[in-house]
Amino acid sequence: MSARKPPAVNDVWAPLRATTRARIGLGRAGNSLPTRRVLEFQAAHAAARDAVHDPLDVDGLVRRLRDLNIEGIDAPLRVRSRARSRSEYLRRPDLGRSPADLSGLPKTKADIGFVLADGLSPRALTDHAAGMVDALIREFDNRYRIAPPVIATQARVALGDHVGHALGVTTVLVLIGERPGLSVADSLGIYLTHRPAPGLTDADRNCISNIHPPDGLDYPTAASVAAALVGGAREIGRSGVALKDTTRAAIGASRSASAPAETGRNRAGPRPSSLPAARIPVVPHGD
C-alpha cells in the first residue's frame, strides 16, 4: 500500500509576494523560519555588505565609458574625496563631501556635468553607470554641451557641488551608488543640482532614485525624468524645492512607471499611485 501524500497547501501569500521584493509570508518551521528563508536573508545581507566595502574598479568603468563611443565621454577625469580609506569614508561622512584636490579639472563652462560617484554602493556604479550615461546622452540629443565626466571615489552626494563648480557647468548630475538594502544592493541614484557651488543643501537638489533594471527604474525612463528636471531647472533658474511643480508639468503622462521628484531629495522613482506625494517618506539613500 503506497503512502498517502500530504494535502497540498494553498500559499495565500504567493500572488502578493510576486509583486514585491519585501520579505512577506515567509512561513515557519517550528518556532523558527524555514531554512531556505534564513539562507536567503544571510545571502542578501552578505551582498549588501560586499556592495558597501568592495572598491570601485575605476579602470573598468573607464573602459566601459570608452566603449560607448560618445565624443567627449571617452576620457573621464578622476578625483577623490578627503576620506583616505573606505573605513574613514564610512566613519566620517563629512570628509566624503569635500574634495582632496580639484586642481586637475578644467573650467569647461559646459551646460551639463556628470559626476560618477561610488557612494555607498560602488557595485551600482559598476553595473549601471555606463548604461545610464548612454541613455542620458541619447535623451539630451545634442541640446546641451557636456563636460568630460568625472569619476569620484570615496564620494558623497555633496562632492558633486564642488566638482560642478570647478568645472563651471550650469547643471551637475551626480550618478551615485545608493545605500544597499536587503532586497537591492546595486541601486543607482541621480542627484541634480542647478548652479552647483559648495555650501548648498539637500533642499537645492532633486533626486531620481531606484535605478537598477530590470527590477527597478530603467535607463530610458530615468533619462527622460532627468531631461525634464534639467529643462525645468534651466527655465526657473534653480533646482530642489522650487523645481517640484515644474517637473510635474514637464513630465506629465509620459512617465507611467514612476513619478517626478519631490522637494529636495525626494525620490523620482516608482511609487504606489494610490498614495499622494506628500505622504511618501523621504529616505536618503545616496549620502
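For the numbers below, each heavy atom of this structure counts, side chains included, while hydrogens, waters and symmetry mates do not.
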Are side-chain heavy atoms of [X] and [Y] found at a separation under 4.5 Å?
{"X": "P198", "Y": "H165", "answer": "yes"}
{"X": "V58", "Y": "T153", "answer": "yes"}
{"X": "L120", "Y": "L90", "answer": "yes"}
{"X": "R86", "Y": "D118", "answer": "yes"}
{"X": "L105", "Y": "L77", "answer": "yes"}
{"X": "R63", "Y": "D57", "answer": "yes"}
{"X": "V133", "Y": "L68", "answer": "yes"}
{"X": "V157", "Y": "I176", "answer": "yes"}

Indicate if [X] and [Y] have the same hydrophobic cluster label, given that clusters are the connected sets of ILVMFWY residues with side-chain heavy-atom separations under 4.5 angstrom.
{"X": "L200", "Y": "V115", "value": "no"}
{"X": "L61", "Y": "I146", "value": "yes"}
{"X": "L56", "Y": "L95", "value": "no"}
{"X": "L16", "Y": "V12", "value": "yes"}
{"X": "I190", "Y": "Y219", "value": "yes"}

Inter-residue atom distance [X].[atom1] - [Y].[atom2], 0.5 Å rounding:
{"X": "L217", "Y": "M132", "atom1": "CG", "atom2": "CE", "answer": "8.0 Å"}
{"X": "L182", "Y": "Q42", "atom1": "CG", "atom2": "CD", "answer": "11.5 Å"}
{"X": "R238", "Y": "H194", "atom1": "CZ", "atom2": "NE2", "answer": "10.5 Å"}
{"X": "D111", "Y": "R145", "atom1": "CG", "atom2": "CZ", "answer": "4.5 Å"}
{"X": "L173", "Y": "N206", "atom1": "CG", "atom2": "CG", "answer": "10.5 Å"}
{"X": "D202", "Y": "T193", "atom1": "CG", "atom2": "OG1", "answer": "9.5 Å"}

Any idea how F41 and H45 line up, ring-wise: parallel (<30°), tilted (30 to 60°), or perpendicular (>60°)?
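Answer is parallel, since the angle falls under 30°.
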Please walk me through it: do H128 and D186 pass side-chain contact (heavy atoms from CB on, under 4.5 Å)?
CA-CA 8 Å; H128 305 299; D186 65 338; 3.2 Å; yes
For [X], I'd like to know if atom [atom1] has over 12 heavy atoms of other residues, nucleotides or ligands within 6.0 Å.
{"X": "R138", "atom1": "CZ", "answer": "no"}
{"X": "D141", "atom1": "CG", "answer": "yes"}
{"X": "R23", "atom1": "CZ", "answer": "yes"}
{"X": "R234", "atom1": "CZ", "answer": "yes"}

What's the shortest heavy-atom distance between [X] and [Y], and which atoms?
{"X": "A48", "Y": "P180", "answer": "O-CG, 3.5 Å"}
{"X": "L65", "Y": "A130", "answer": "CD2-CA, 4.2 Å"}
{"X": "A51", "Y": "A185", "answer": "CB-O, 3.4 Å"}
{"X": "A47", "Y": "R123", "answer": "CB-NH1, 4.4 Å"}
{"X": "L136", "Y": "A226", "answer": "CD2-CB, 3.6 Å"}
{"X": "G27", "Y": "L33", "answer": "O-CD2, 3.6 Å"}

Would you kindly say whether [X] and [Y] are connected by a side-chain donor-acceptor distance under 3.5 Å?
{"X": "R91", "Y": "S87", "answer": "yes"}
{"X": "S187", "Y": "H212", "answer": "no"}
{"X": "E178", "Y": "S121", "answer": "no"}

Between E88 and R92, is the closest basic N to carboxylate O distance under 4.0 Å?
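No.
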Stepwise side-chain contact (heavy atoms from CB on, under 4.5 Å) check, V169 with I112
CA-CA 6 Å; V169 299; I112 303 291; over 6 Å; no
Given side-chain contact (heavy atoms from CB on, under 4.5 Å), test L192 with V230 step by step and report yes or no.
CA-CA 8 Å; L192 179 150; V230 169; 3.5 Å; yes
Taking the cut-offs as 6.0 angstrom to the six-membered ring centre and 45 degrees off its axis, would you call R156 and Y89 a cation-pi pair?
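Pair R156/Y89 counts as cation-pi.
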Salt bridge (charged side-chain N to carboxylate O under 4.0 Å, His left out) evaluation trace for D161 with R205:
CA-CA 10 Å; D161 295 336; R205 291 185 269 274; 2.5 Å; yes
As a quick check of understanding, evaluate side-chain contact (heavy atoms from CB on, under 4.5 Å) for D94 and R82, giving each step before the final call.
CA-CA 9 Å; D94 58 312; R82 290 172 54 211; 5.5 Å; no
Qualifying residue for side chain to side chain contact (heavy atoms under 4.5 Å, CB included) with I151, from V62, V79, D59
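For I151, the side chain to side chain contact (heavy atoms under 4.5 Å, CB included) check succeeds only for V62.
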